Asks: 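The structure under discussion is supplied below as structure tokens; questions concerning it will follow.
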Number of protein chains: 2
Amino acid sequence: MVDAAGRRRDARQAGAAMKSRDAGPTLKDVAALAGVHPTTASRALDPAKSHLVSEETRQRILQISAELGYQVNAMARSLRTGSSGLIGMVVADVSNPFLPPILRAIEHVIRHEGLMLLIAETHDDSRTMQEILGHFARRRVDAIILSAAHQGDLEVVRAAAASTPVVLAVRSVDGGKFPTVTHDDRLGGRLATQHLVELGHQDVAQLRGPEDVSSFSGRSAGFYSVLAETTAREVGSGLVAASPTVEEGRRLTAELLAAPGDRPTAIFAHNDQMAVGAMDALREAGLSCPRDISIVGYNDAPLADHIDPPLTTIRLPAAELGRRVARLALEQLSEEPVDTSTVRLPPELVVRRSTAPLTA
Amino acid sequence: MVDAAGRRRDARQAGAAMKSRDAGPTLKDVAALAGVHPTTASRALDPAKSHLVSEETRQRILQISAELGYQVNAMARSLRTGSSGLIGMVVADVSNPFLPPILRAIEHVIRHEGLMLLIAETHDDSRTMQEILGHFARRRVDAIILSAAHQGDLEVVRAAAASTPVVLAVRSVDGGKFPTVTHDDRLGGRLATQHLVELGHQDVAQLRGPEDVSSFSGRSAGFYSVLAETTAREVGSGLVAASPTVEEGRRLTAELLAAPGDRPTAIFAHNDQMAVGAMDALREAGLSCPRDISIVGYNDAPLADHIDPPLTTIRLPAAELGRRVARLALEQLSEEPVDTSTVRLPPELVVRRSTAPLTA
DNA sequence: TTGAAAGCGGTACCAA
DNA sequence: TTGGTACCGCTTTCAA
């Protein structure tokens, strides 16, 4: 067996039988076997420049490259060209059911352009986010898609944006000038609340997510904007979940039901998990949904249509959002002037059986 | 404003106002400002070697580095050291609900070691998988975690493993010698089927996932192994889903119910989505679960405990599986002899209300 | 159409 | 403890 490179093989003699995987052919190897200069080999293998090489030598190089199983070293290339071909994506939590469809759309667009997506989770921890942004900076990602921002992260995001283009997805940040694609949480909150009011409900509660996340503050704003236009009123205003989980939804609702004073006849939960938790709490209190209390969720999570009762909820335009975010991120790669406006896609109301007219 | 590097700034004059983000300080800049050789700066910034530098100069270098906001160029470093610090993870579909907890565990371990996880989806398409493996190869990932393999991918995986250590997760591949961590699908299939048989069911059907995926063939094997030990028999053996979705579960079950001959009194669905689809089909046929037919799912997806009726299912040891996979992948980075044995973690049965004793 | 030289930003190795 | 040199693998620029 001929060793094209003839380097580093002595290690075999010295050490114990090492895996032979370490080396891998380089462009130099390909060039040597083809009897050309590395530059020529480089040109032949680059579709954008292969026209500079005679058809004959091009074919020879291509064939040898294939025979050797040559794969360019992306790090060497990136170092030289200044572009890593990586887009960094920061999410709060992959298991949040609205994310996968968005990720899928983004990845589709990104990979179509020959780039790769680097995904990392913050678990809504600001320090973790900073760590991740550091990683991304060191890897010289070409752009960052950030869908894990809290309002308090403004300065951190600004710092990251100083060295790498940043696009905000899903969650916006006030005060910064970042290109953003989200969906209209305020409208979503309005749709949910309006639906309840139209069903005749006058005593409405909401289960709020953390208010320093734009998604949740937007939903709250929508909720209040509808109340302001009607005679309906909020019951129990302090219901903010530390994290918007099933368990928190259950706990907050149990508190709400146990509190003295009026009981709501409808609840707007800021996501489906909390809505489901609310259902649990009702059941434990001997109440029934929707007979005693109507519930609206948010996100239209998988199986939300199969729970008992099927959940009325708000659906996001996930695929469209993902595509837009990806395209926006790609636009940042060119030297064009950056559009820092915010795109807000409209969500829609999905009516199922967890909501019903108020029974006098 | 002083430019430490003094390079490439003329571009500003020439072109239109460009983003000033392109440059970023280099090690050379740090060294120059600190009045030392780049080598010394490199050592000072590497915790493993900073003891080779006098405390005084070390502090100076650290401070200047911080002031400049210096971030090492990971590509340059990797090129020289031969290690990219990336682990490539190939999954079939991020939205598959059993994945996020596994990803989380893997990411936790990986990031703890200072590495990053590169995640890509195949959508169960073999060509896409090859593309992804190509990407990973070019980026010189230090190891690949593959949880998207089909039995037919043996050669492709082997090829990838020739240049990069590969660890199989969740799905195993017959015939190759790859270190593997999965859970025991055969046992899971047995637990589900045994549960049904113990409830008195004699006419049992299964909704099978694609049989070229080890997860599903394992579950089938478990199913049949229990039948062979009892007097129970399978109803309608040809029920293989093209993809294991709610809709496919509904369709196959509708077919099953419409077929002439005996009707099963229990169904083992190879995942929760198909189980839910089966429930839909029952309802459409005017039947009730579990009164007429008991149903067992697989994976214990989020909200599986809240659907109507709450789903009896099999739960995977996701976090443990993720940790093991990650550790196994990290082990491959050292030159140790590789352990190619397969670890199979035990799943557990979660009994809810979609299964009930056979009513004579 | 091809080649030569330089350099991207670091680190390994050896010398001082 | 510090510096000098070479080089990781590729692409760019300029010359032939």
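None of these values were measured; they are calculated from a predicted model.
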Asks: How close do Gly85(B) and Asp142(B) get, counting heavy atoms only, and between which atoms?
Replies: N-OD2, 2.8 Å

Asks: Can you tell me which residue among Ile102(A), Leu321(A), Thr342(A) is in a side-chain contact (heavy atoms from CB on, under 4.5 Å) with Val181(A)?
Replies: Leu321(A)

Asks: Between dG9(C), dT12(D), dT11(C), which nucleotide gets closest to the side-chain atoms of Leu27(B)?
Replies: dT11(C)

Asks: Over how many whole Å does the gap from His37(A) atom NE2 to dA4(C) atom C1' extend?
Replies: 5 Å

Asks: Is any N or O donor-acceptor pair between the side chain of Thr81(B) and the base of dG10(C) shorter than 3.5 Å?
Replies: no

Asks: For a quick check under 3.5 Å, do Asn73(A) and Thr26(A) share a side-chain donor-acceptor pair by atom type?
Replies: no

Asks: Kindly say whether, by distance alone, the side chain of Arg43(A) makes a donor-acceptor pair under 3.5 Å with the base of dG3(C)?
Replies: yes

Asks: Expressed in angstrom and rounded to an integer, what is the separation of Asn73(A) atom CG from dC7(D) atom C1'?
Replies: 14 Å

Asks: Rounding to an integer number of Å, can you tell me how far Met75(B) CE sits from dC10(D) P?
Replies: 15 Å

Asks: With no hydrogens and no angle check, do the side chains of Thr57(B) and Ser54(B) hold a donor and an acceptor under 3.5 Å apart?
Replies: yes

Asks: Suppose the criterion is side-chain hydrogen bond (donor to acceptor under 3.5 Å, both in side chains): which pairs have a residue in residues 60-70 of chain A, not counting sequence neighbours?
Replies: Gln63(A)-Glu67(A)

Asks: Is Ser42(A) close enough to dT11(D) that one of its side-chain N or O atoms is under 4.0 Å from OP1 or OP2 there?
Replies: yes

Asks: Please state how far atom CZ in Arg80(B) lies from atom P in dC8(D), giving the value in whole angstrom units.
Replies: 7 Å

Asks: Between Gln59(B) (CD) and dT1(D) (C1'), how many Å, whole number?
Replies: 16 Å

Asks: Quick one: pull up CG in Leu33(B) and NZ in Lys28(B) and give me the separation to the nearest 0.5 Å.
Replies: 13.5 Å

Asks: Can you measure Arg139(A) atom CZ to dG9(C) atom P for me and round it to whole angstrom units?
Replies: 17 Å

Asks: What is the distance, to the nearest angstrom, from the CG atom on Leu68(B) to the P atom on dG9(C)?
Replies: 14 Å

Asks: Just to confirm, is there a sub-4.0 Å distance from OP1 or OP2 of dT2(C) to any side-chain nitrogen or oxygen of Thr57(A)?
Replies: yes

Asks: Here's a test of your reading of the structure: between Tyr70(A) and Leu52(B), which maps to the more 5' nucleotide of DNA chain D?
Replies: Leu52(B)

Asks: Nearest-nucleotide wise, let me know which of Asp46(B) and Gly35(A) is further upstream toward the 5' end of DNA chain C.
Replies: Gly35(A)

Asks: On the nucleotide dT11(C), are OP1 or OP2 found under 4.0 Å from the side-chain N or O atoms that Arg77(B) carries?
Replies: yes

Asks: Could you give the angle between the helix axes at the two ends of the helix from dT1(C)-dA16(D) to dA16(C)-dT1(D), with five pairs per end, rounded to 10 degrees?
Replies: 40°

Asks: With sugar-phosphate meaning primed atoms plus P, OP1 and OP2, does Thr39(A) contact a base, only sugar-phosphate, or nothing at under 4.0 Å between heavy atoms?
Replies: base

Asks: Between dG3(C) and Thr40(A), is there an OP1 or OP2 to side-chain N/O distance shorter than 4.0 Å?
Replies: yes

Asks: Say whether Asp93(B) and His123(B), considering side chains only, have a donor N or O and an acceptor N or O under 3.5 Å apart.
Replies: no

Asks: Would you classify Ser78(A) as touching base, sugar-phosphate or nothing, given that sugar-phosphate means primed atoms plus P, OP1 and OP2, and contacts are heavy atoms under 4.0 Å?
Replies: nothing

Asks: Between Asp46(A) and Arg77(A), does any NZ, NE, NH1 or NH2 come within less than 4.0 Å of an OD or OE carboxylate oxygen?
Replies: no

Asks: When the distance from CG of Leu79(A) to C1' of dT11(C) is rounded to whole Å, what number comes out?
Replies: 12 Å

Asks: For dT1(D) and Lys49(B) - does any side-chain N or O of the residue sit under 4.0 Å from the phosphate oxygens OP1/OP2?
Replies: no

